[in-house]
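Reviewing the structure listed below.
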Amino acid sequence: MPYPDALSLLLSAANGYPFFLQVYGRAAWEASSEKIISADDAHVAVRHGTNDLDHGFFEARWQRATNAERLYLRAMAQDSDTPSSTGEIAERLGKSTSKLAVIRSRLIDKGVVYAPEYGSIQFTVPGMAAFIGRQTED
């Protein structure tokens, strides 16, 4: 029965984020011509849902970031959605952590990142690192 495979795919794509589940769920219903969503429908939904998130949800966060903040976010994206060490970010950017403190603080204020513990920084939503990886230019 394809339903469990479809559900697993949609849940995995949403990565535990409720809004993403809504986006992928809507896309799945739009992709399906039947009452039951198939695995093929779910694959289409993930593709369309990811496109919707890229052009709305993630893009809005990206556009609010300055060029310097985008460089910081790109350095973070190398760690995927896991916490990044602020020291490693500084090393990647060739700057001291104190010089990057203002950028880090502005990104926290904008709600793009948060500090889960001292010395680390993480994206506030899953998938931001993948979105940044899909960006070819600012």
Exercise for review: Would you check if Met76 and Ile121 make a side-chain contact, meaning some heavy-atom pair closer than 4.5 Å?
Suggested key: yes
Exercise for review: Just do the side-chain contact (heavy atoms from CB on, under 4.5 Å) check on Val112 and Arg64 with the steps written out, would you?
Suggested key: CA-CA 9 Å; Val112 178; Arg64 287 193 325 243; 4.1 Å; yes
Practice item. With sequence neighbours left out, write down each residue that passes salt bridge (charged side-chain N to carboxylate O under 4.0 Å, His left out) with Glu30, or none if nothing qualifies. Key: Arg26
Review point. Is the backbone N or O of Ser84 less than 3.5 Å from a side-chain atom of Glu88, with the two atoms forming a donor-acceptor pair by type?
Key: no
Exercise for review: Could you list the residues that satisfy ring-ring contact (aromatic ring centres under 6.0 Å, His included) with Phe19, not counting sequence neighbours?
Suggested key: Phe57
**Study point:** Counterpart residues, salt bridge (charged side-chain N to carboxylate O under 4.0 Å, His left out), relative to Asp79 (two or more places apart)
**Key:** Arg92
Review point. Any idea which heavy atoms bring Arg104 and Val113 closest together, and the distance?
Key: O-CG2, 4.3 Å
Point to revise | Heavy-atom pair with the smallest gap, counting every atom of Ile36 and Asp41 | key: O-OD2, 4.0 Å
Practice item. Examine distances only and state if a side-chain atom of Ser120 and a backbone atom of Ser85 form a donor-acceptor pair shorter than 3.5 Å. Key: no
Check your understanding: Hey, mind stepping through Phe131 and Arg61 against side-chain contact (heavy atoms from CB on, under 4.5 Å) and telling me if it holds?
Key -> CA-CA 11 Å; Phe131 166 78; Arg61 285 159 174 71; over 6 Å; no
Review point. Atom CG of Leu7 and atom CD1 of Ile37: how far apart are they, to the nearest 0.5 Å?
Key: 9.0 Å
Point to revise | Contacts of Asp81 that satisfy side chain to side chain donor-acceptor pair (under 3.5 Å) - sequence neighbours left out | key: none
**Study point:** Distance in Å, Ile89 CD1 paired with Leu93 CG, rounded so as to fall on 0.5 Å steps
**Key:** 6.5 Å
**Study point:** With Glu69 via salt bridge (charged side-chain N to carboxylate O under 4.0 Å, His left out) - residues at least two apart
**Key:** Arg106, Lys110
Review point. For the residue pair Ala6 and Ser38, what are the closest heavy atoms and their distance?
Key: CB-O, 3.4 Å
Check your understanding: Is any side-chain heavy atom of Leu107 less than 4.5 Å from a side-chain heavy atom of Tyr72?
Key -> yes
Review point. If Ile, Leu, Val, Met, Phe, Trp and Tyr residues are connected whenever their side-chain heavy atoms lie under 4.5 Å apart, and connections chain through other members, are Leu71 and Val102 in the same group?
Key: no
Review point. Shortest non-hydrogen contact from Tyr114 to Phe123?
Key: CE2-O, 3.5 Å
Revision key, fill the gap. Residues Pro126 and Ala14: closest non-hydrogen pair is CG-O, 4.4 Å
Check your understanding: Do Asp40 and Val44 come within less than 4.5 Å of each other through their side chains, counting heavy atoms only?
Key -> no
Exercise for review: Mind checking side chain to side chain donor-acceptor pair (under 3.5 Å) for Thr50 and listing every partner two or more places apart, or none if nothing turns up?
Suggested key: Tyr24
Revision key, fill the gap. Of all heavy-atom pairs linking Ala90 and Leu100, the shortest is CA-CD1, 3.4 Å
Check your understanding: To the nearest 0.5 Å, how far apart are CG in Leu10 and NE2 in His43?
Key -> 9.5 Å
Practice item. Report the C-alpha distance between Phe58 and Tyr17 in whole Å, list the side-chain angles of each, state the deciding distance to 0.1 Å, and finish with yes or no for ring-ring contact (aromatic ring centres under 6.0 Å, His included). Key: CA-CA 13 Å; Phe58 292 121; Tyr17 201 69; 8.7 Å; no
**Study point:** Check against side-chain contact (heavy atoms from CB on, under 4.5 Å), Trp62 and Ile132
**Key:** CA-CA 8 Å; Trp62 186 250; Ile132 291 169; 3.6 Å; yes
Review point. Are Asp52 and His48 close enough that a side-chain donor and a side-chain acceptor fall under 3.5 Å?
Key: no
Review point. Between Gln122 and Thr82, is any pair of side-chain heavy atoms under 4.5 Å apart?
Key: no
Exercise for review: Examine the side chains of Ser98 and Ser96 and answer whether a donor and an acceptor come within less than 3.5 Å of each other.
Suggested key: yes
